[in-house]
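Report on the structure given below.
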Amino acid sequence: MPVDPSDKIKLGSKAARIDGPVDKTALEAATDALLARLSELQAAFHADGRHAVLLVLQGRDASGKDGVIKTVYGAFNPTGVQVAAFGPPTPLELRHDFLWRVHQVVPPRGMVGVFNRSHYEDVLAVRVRALAPESVWRARYDHINTFERMLADNGVIIRKCMLHVSREEQHDRLKARLDDPTKNWKFRLDDLKDRDRWDAYTDAYREMLERCSTPWAPWYVVPSDDKAVRNHLIARMLVDTLESTKSTFPPMDEAVRAAATGFA
């Protein structure tokens with residue numbers, strides 16, 4: 001369910017997992033069926049061309065953003081998918097407003113896009129690491145809501161997922177990464193320091209969810225300690241989203257049909 005800003009938003013360890021045992025075999029089979037359905041839906045969505053879908057993925061380090069892209073977005077035809085990742089802004093990007101680099105990679109109609117991190121870093125990392133004064137980052141909630149409303153009014157269907165991982169699970173995943181030479185080269189000093197900023201990030205995430213979960217761009221908190229559960233929930237949400245567009249294949253051009261008469 002989308003985040004209701006009027007509800008108390010739970011971001012503790014219990015919220016990072018679902019209650020009760022999970023039948024992994026059944027869950028993975030259900031996810032495979034959803035991924036196959038996504039592939040079917042995308043074909044008509046791409047041809048229809050009336051809408052774009054943008055999935056925003058935010059989460060702490062090791063919450064699974066890359067895993068979602070690999071597993072869930074791997075079901076799509078690559079010609080209809082657009083992936084954008086956001087690291088620290090470049091000198092050129094810093095000379096523009098904070099949404100400038102984001103707007104340039106919003107998916108066009110007919111495409112299914114995903115942001116690996118996003119413009120929300122400007123009210124998360126910027127806030128927690130004190131990269132800008134509060135008077136700057138606090139105004140950005142309203143800027144973001146207005147920006148996303150403009151996108152929605154122009155055919156972009158926005159879905160935003162906070163991949164919620166517990167502190168204990170993140171520790172185990174980071175430890176495994178640090179011991180893996182194929183992954184540890186990507187770490188920056190601030191990535192490790194952010195473990196000490198856990199509570200500050202929790203406050204920042206909570207306010208982000210409260211201020212920016214809107215009818216036109218809802219947030220979902222996805223329990224992400226279990227990767228299979230995380231992938232299933234996001235795949236199911238995307239199936240519902242694409243089905244809601246009621247996309248159809250356009251009719252064949254009559255001039256082409258006439259010219260192709262008798263083609264063999």
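Owing to the predicted nature of the structure, the values given are computational and were not obtained by experimental measurement.
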Over all heavy atoms of both residues, which pair between S39 and A75 is shortest? Give the atoms and the distance, please.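 Looking at all heavy atoms of both residues, the shortest contact is CB-O, 3.5 Å.
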ILVMFWY cluster, [X] and [Y] together (side-chain gap under 4.5 Å):
{"X": "L54", "Y": "I69", "value": "no"}
{"X": "Y201", "Y": "V165", "value": "no"}
{"X": "I9", "Y": "L163", "value": "no"}
{"X": "F115", "Y": "M111", "value": "no"}

Separation between CH2 of W137 and CZ of R127, rounded to the nearest 0.5 Å: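 Going from the CH2 atom of W137 to the CZ atom of R127 covers 3.5 Å.
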Could you tell me whether [X] and [Y] have a side-chain N and a carboxylate O separated by less than 4.0 Å?
{"X": "R138", "Y": "E207", "value": "yes"}
{"X": "K246", "Y": "D48", "value": "no"}
{"X": "K24", "Y": "D226", "value": "yes"}
{"X": "D240", "Y": "R37", "value": "no"}

Residue from E168, R167, H164, E169 passing side-chain hydrogen bond (donor to acceptor under 3.5 Å, both in side chains) with S13: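 The option that passes is E168.
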For the pair F98 and H143, name the ring-plane relationship: parallel under 30°, tilted 30 to 60°, perpendicular over 60°.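 The rings of F98 and H143 sit tilted, inter-plane angle from 30° to 60°.
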Applying side-chain contact (heavy atoms from CB on, under 4.5 Å) to L174 and Q170, what does each step give before you reach the verdict? CA-CA 6 Å; L174 289 178; Q170 189 207 46; 3.7 Å; yes
Test side-chain contact (heavy atoms from CB on, under 4.5 Å) applied to L92 and R101, step by step: CA-CA 10 Å; L92 174 62; R101 65 173 181 163; over 6 Å; no
Measuring only between side-chain heavy atoms, which start at C-beta, is L238 closer than 4.5 Å to L41?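 No. Closest side-chain heavy atoms not under 4.5 Å.
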Can you list the steps and then say if D203 with R197 is a salt bridge (Lys or Arg N to Asp or Glu O under 4.0 Å)? CA-CA 10 Å; D203 291 341; R197 301 163 174 151; over 6 Å; no
M1 CE: over 12 foreign heavy atoms closer than 6.0 Å: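 Open: at most 12 neighbouring heavy atoms sit under 6.0 Å from CE of M1.
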Do other residues, nucleotides or ligands put more than 12 heavy atoms under 6.0 Å from H96 NE2?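 Count over threshold, so yes.
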Derivation of the salt bridge (Lys or Arg N to Asp or Glu O under 4.0 Å) call for D180 and R177: CA-CA 5 Å; D180 183 349; R177 284 187 182 183; over 6 Å; no
Candidate list K160, R211, R159, test salt bridge (Lys or Arg N to Asp or Glu O under 4.0 Å), partner E148, passing option: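 For E148, the salt bridge (Lys or Arg N to Asp or Glu O under 4.0 Å) check succeeds only for K160.
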Would you kindly check if the NZ (Lys) or CZ (Arg) of R95 is within the cone defined by 45 degrees around the ring axis of W100 and under 6.0 Å from the six-membered ring centre?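 No, a cation-pi geometry is absent between R95 and W100.
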Evaluation steps, side-chain hydrogen bond (donor to acceptor under 3.5 Å, both in side chains), between T202 and R60: CA-CA 10 Å; T202 298; R60 302 176 193 267; 2.5 Å; yes
What's the verdict on side-chain contact (heavy atoms from CB on, under 4.5 Å) for F45 and F76, showing C-alpha distance, side-chain angles and the deciding distance? CA-CA 11 Å; F45 181 84; F76 291 126; over 6 Å; no
